[in-house]
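Written below as structure tokens is the structure these notes are about.
Naming: A, B, ... by sequence-line order, numbering from 1 per chain.
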There are 2 protein chains.
Amino acid sequence: MTDKDISTRPRRRTTLGDVAQRAGVSAVTVSRVLREPHLVSETLRERVATAASDLGYVPNRLASALASAQTNTIGVVVPSLTNGVFNDFLSALHNVFLPAGFQLLVLNSRYTDANEEKAIATLLGHHPEAMIVTGVDQTPGARRMLQHAGVPVVQVMELTDRPIDINIGLSQVEAGHAALRFLMERGCCRIAHLMAPLDARAVRRREAFEQEMVSRGMEPLVIASTRPTSVPLGAELLAALIERHPDVDAVWCSSDNLALGALFECDRRGIRVPEDISFMGFNDLEFCSIAHPAITSVATPRYEMGERTAEIVLEIIRGSGKRPEERRIDMGFEIRERDSTRKAPRP
Amino acid sequence: MTDKDISTRPRRRTTLGDVAQRAGVSAVTVSRVLREPHLVSETLRERVATAASDLGYVPNRLASALASAQTNTIGVVVPSLTNGVFNDFLSALHNVFLPAGFQLLVLNSRYTDANEEKAIATLLGHHPEAMIVTGVDQTPGARRMLQHAGVPVVQVMELTDRPIDINIGLSQVEAGHAALRFLMERGCCRIAHLMAPLDARAVRRREAFEQEMVSRGMEPLVIASTRPTSVPLGAELLAALIERHPDVDAVWCSSDNLALGALFECDRRGIRVPEDISFMGFNDLEFCSIAHPAITSVATPRYEMGERTAEIVLEIIRGSGKRPEERRIDMGFEIRERDSTRKAPRP
DNA sequence: ATCGTCAATGGAAGCGCTATCATTGTCGTT
DNA sequence: AACGACAATGATAGCGCTTCCATTGACGAT
């Protein structure tokens with residue numbers, strides 16, 4: 001039975017013309033029924049609709065886009081889908097773009113520049129109405145392509161002085177400074193940083209963190225792994241840290257996943273949090289507030305960034321390309337203190 | 001300066017013709033340089049390449065696809081990107097399809113049938129070479145569209161007797177039965193199930209779980225929430241469970257995220273795992289083995305499922321539509337026991 | 001009765017590319 | 001010297017749709 005299904009499948013997909021013929025009208029009329037039904041009499045409108053549904057007609061977006069020079073597509077490149085951060089961002093984009101009649105084309109660069117460049121090329125081949133890329137470290141080739149694309153380009157998550165077009169993000173450098181200051185204010189003095197330098201933004205935070213330590217006369221202490229951030233990696237990095245530096249009293253993790261893994265490892269080793277070591281994460285993913293102990297984290301406005309990005313893009317598209325006053329928007333961040341850094345003051 | 005960048009942007013994107021003109025050749029030759037360079041003399045090949053790069057030429061995939069009737073695109077619909085399960089699956093698809101010259105178009109149905117149908121329609125509009133959809137509960141409309149698409153269709157994650165075309169997954173029903181049996185064998189007798197019925201597969205597992213309990217004369221005990229699965233939800237569901245049924249001695253969670261949240265909540269309430277309550281999750285996400293206590297989980301072959309799916313699709317496409325012998329492939333599952341169910345035997 | 005107006009439809013051209021076939025020129029062969 | 005074979009290039013015709021403009025007929029205004 002299923003076999004029959006397959007063999008009876010039409011070899012040629014039904015087109016506008018097929019529908020037109022079946023409805024006894026011209027192709028133009030069918031096209032109009034789909035896009036501007038108010039211009040077509042009700043009689044024909046119904047006849048066309050019936051014919052279309054009988055034939056299981058699905059308009060060919062490729063042809064439509066080619067003819068109209070309108071793809072109603074937004075190209076997005078993110079470095080990871082595993083990381084909850086980008087899901088929140090994408091979710092916001094969806095929520096604004098879909099109702100506006102746009103469709104998202106999302107490609108994953110897996111944290112490598114070459115992939116990002118390839119992804120950008122691929123997306124541009126689809127002629128999106130706008131491009132949204134993560135970070136500000138595109139390759140020269142990618143930059144050039146984006147500059148020549150003739151569509152709005154938004155670089156997100158991070159700030160730069162030389163944006164390609166629009167830049168919406170937060171200062172990773174300030175976040176790095178703030179994190180160290182926060183832990184010091186809580187009385188910590190032997191502070192370590194766990195990170196995965198695959199992410200360019202994590203590297204920027206690390207640099208700021210180290211610089212701040214050096215400027216205070218402290219010895220920078222960073223444990224890094226080239227693997228992508230994950231919960232198991234957090235456990236590993238913490239183990240490595242404790243082995244080499246059993247005297248740490250605070251750990252800042254470059255991602256909440258690392259923090260969670262590190263917390264598990266502490267639990268396993270009988271290290272008490274925050275009594276023995278204070279812990280802080282980054283991004284404030286949803287599990288931070290629910291973990292036990294709850295994890296202090298640097299909250300980033302991922303959802304808001306997505307909304308803002310989408311709104312600005314729509315404004316530009318609808319305003320026939322006019323850019324807003326501010327090309328560079330700082331969305332800020334906020335440290336949410338929870339139990340993992342609430343050490344009882346020393347007697 | 002940036003302003004200038006914008007204003008000097010070309011209004012019309014460069015086309016094959018532009019490159020041809022600049023290189024002093026015909027459009028056909030440019031097209032050939034891009035697709036079948038061995039057919040073009042080296043002189044022209046270089047001249048064309050230079051012209052293309054000078055103009056920042058990006059081929060228009062829409063036009064190319066329209067003309068060649070080949071999009072080299074695979075359409076994929078998943079219900080969620082937040083859930084690690086689908087990332088592993090997508091990751092496998094990427095790893096097989098990209099090197100084969102195909103590009104993935106991924107849409108998110110957010111666990112609703114209407115969205116799924118819309119996503120399928122949208123993807124079909126892009127004329128993919130194959131469609132991969134999650135689950136087996138497509139709406140009649142979606143089913144019809146897929147049947148008429150004239151391309152291979154794979155339903156994944158779950159098994160059915162009536163596949164649209166190809167079906168690769170695992171039996172959620174068997175998983176439900178197995179989970180209960182596993183816990184009973186470990187001596188648990190008051191067993192609860194925490195779940196989020198947004199996911200059709202979770203519902204199927206629940207039904208099997210309940211049925212198995214009933215058939216053993218036990219009273220089914222399920223706490224559900226209509227919100228999507230998440231770590232915080234796990235904590236909430238556990239709280240609700242304990243309030244109503246303080247006597248439970250085992251909990252099976254429909255996802256590892258729920259299990260993690262529930263574990264945190266136990267920790268917070270001083271409930272010992274596994275001494276007081278045994279815990280089991282589903283999917284075996286990477287944090288299960290690293291959590292403390294490590295979480296017993298039903299491991300699903302997500303990555304392998306993705307690989308298998310991609311391989312079969314490629315086979316069909318390359319074999320000019322010939323389907324494999326087996327239309328329905330059971331990838332199985334496996335319970336990985338860890339500390340969260342390793343209760344010391346009663347004295 | 002004649003005109004302009006307007007709603008409702010259709011015809012034709014073309015979006016940027018590729019498939020197909022035709023055309024050129026260069027060989028080696030007899 | 002004439003031929004076919006073949007490599008290298010170009011001309012042409014679409015792919016399925018939309019845009020633009022032309023056509024038709026019904027209607028109210030003069």
Side-chain angles (χ1 to χ4, degrees), chain A residues 10-48 51-52 55-73 101 122 124-129 149-150, chain B residues 10-48 51-52 55-73 101 122 124-129 149-150:
Chain A
R11 44 207 75 264
R12 204 177 55 86
R13 306 233 335 226
T14 68
T15 70
L16 246 199
D18 299 336
V19 178
Q21 199 173 348
R22 182 172 240 258
V25 298
S26 77
V28 191
T29 302
V30 177
S31 172
R32 263 197 285 262
V33 169
L34 267 45
R35 291 172 304 112
E36 313 169 294
H38 62 280
L39 292 180
V40 181
S41 68
E42 201 175 324
T43 334
L44 285 195
R45 217 185 304 151
E46 278 174 15
R47 230 161 69 203
V48 169
L55 294 171
Y57 173 64
V58 179
N60 185 333
R61 282 185 67 95
L62 304 173
S64 159
L66 185 60
S68 68
Q70 280 221 5
T71 56
N72 288 328
T73 295
T122 302
L124 287 179
H126 283 272
H127 283 228
E129 318 276 359
Chain B
R11 45 209 71 266
R12 202 178 58 86
R13 307 235 332 228
T14 69
T15 70
L16 247 199
D18 299 337
V19 178
Q21 200 173 348
R22 181 171 240 259
V25 299
S26 77
V28 191
T29 302
V30 177
S31 172
R32 261 198 287 260
V33 170
L34 266 45
R35 291 172 304 112
E36 312 169 294
H38 61 281
L39 292 181
V40 181
S41 67
E42 201 174 325
T43 335
L44 285 196
R45 217 186 304 152
E46 276 175 16
R47 230 160 71 202
V48 168
L55 294 171
Y57 173 64
V58 179
N60 186 333
R61 281 185 69 94
L62 304 173
S64 161
L66 185 59
S68 69
Q70 280 222 4
T71 57
N72 289 328
T73 296
T122 302
L124 287 180
H126 283 272
H127 283 229
E129 317 277 359

task: State, to 0.1 Å, how close Arg13(B) and Val58(B) come at their nearest heavy-atom pair, and which atoms those are.
output: NH2-CB, 4.2 Å
field: Euclidean distance, atom CD of residue Gln70(A) to atom C1' of dG16(C) [Å, nearest integer]
entry: 17 Å
query: Got a second to check how far Arg61(B)'s CZ is from Gln70(B)'s CD, nearest 0.5 Å?
result: 10.5 Å
message: Tell me whether the side-chain N/O atoms of Ser68(B) come closer than 4.0 Å to OP1 or OP2 in dC17(C).
response: no
query: What's the NE2-P distance between His127(A) and dT18(D), to the nearest Å?
result: 18 Å
message: Measuring only between side-chain heavy atoms, which start at C-beta, is Val48(A) closer than 4.5 Å to Val25(A)?
response: yes
field: Distance-only side-chain donor-acceptor flag, Arg35(B) / Ser31(B), under 3.5 Å
entry: yes
task: Using atom CD of Gln21(B) as one end and atom P of dG16(C) as the other, report the distance to the nearest whole Å.
output: 13 Å
query: Among dT9(D), dT12(D), dG10(C), which is the nearest nucleotide to the side chain of Leu44(B)?
result: dT9(D)
field: Beyond-backbone contact of His126(B) with Thr71(B), side-chain heavy atoms, under 4.5 angstrom
entry: no
- prompt: Which nucleotide sits closest to the side chain of Leu16(B): dC17(D), dC17(C), dA11(D)?
  reply: dC17(C)
message: Side chains of Arg22(B) and Thr14(B), heavy atoms from C-beta outward: is any pair under 4.5 Å?
response: no
query: Pick from Leu39(B), Val33(B), Leu34(B): which one makes a side chain to side chain contact (heavy atoms under 4.5 Å, CB included) with Glu36(B)?
result: Leu39(B)
- line: Of the listed dG10(C), dG10(D), dC17(C), the closest approach to the Ala67(B) side chain comes from dC17(C)
- prompt: When you measure from the side chain of Val28(A), which nucleotide among dG16(D), dA11(D), dT19(D) comes out closest?
  reply: dT19(D)
field: Nucleic acid contacts - residues 33-41 of chain B versus DNA chain C, non-hydrogen atoms under 4.0 Å
entry: Arg35(B)
query: Hey, can you pull the residues of residues 55-66 of chain A with a non-hydrogen atom under 4.0 angstrom from DNA chain C?
result: Leu66(A)
- line: When every non-hydrogen atom of His127(A) is compared with those of Leu62(B), the smallest separation belongs to CB-CD1, 4.4 Å
field: Value in whole Å for how far the C1' atom of dC17(D) lies from CG of Asp18(A)
entry: 13 Å
- prompt: dT18(D), dT12(D), dT9(C): which one has an atom nearest the side-chain heavy atoms of Thr29(A)?
  reply: dT9(C)
message: Without decimals, in angstroms, what is the distance between Arg13(B) CZ and dC17(C) C1'?
response: 14 Å
- prompt: Is the shortest heavy-atom distance from the side chain of Val40(A) to the side chain of Thr29(A) under 4.5 Å?
  reply: yes
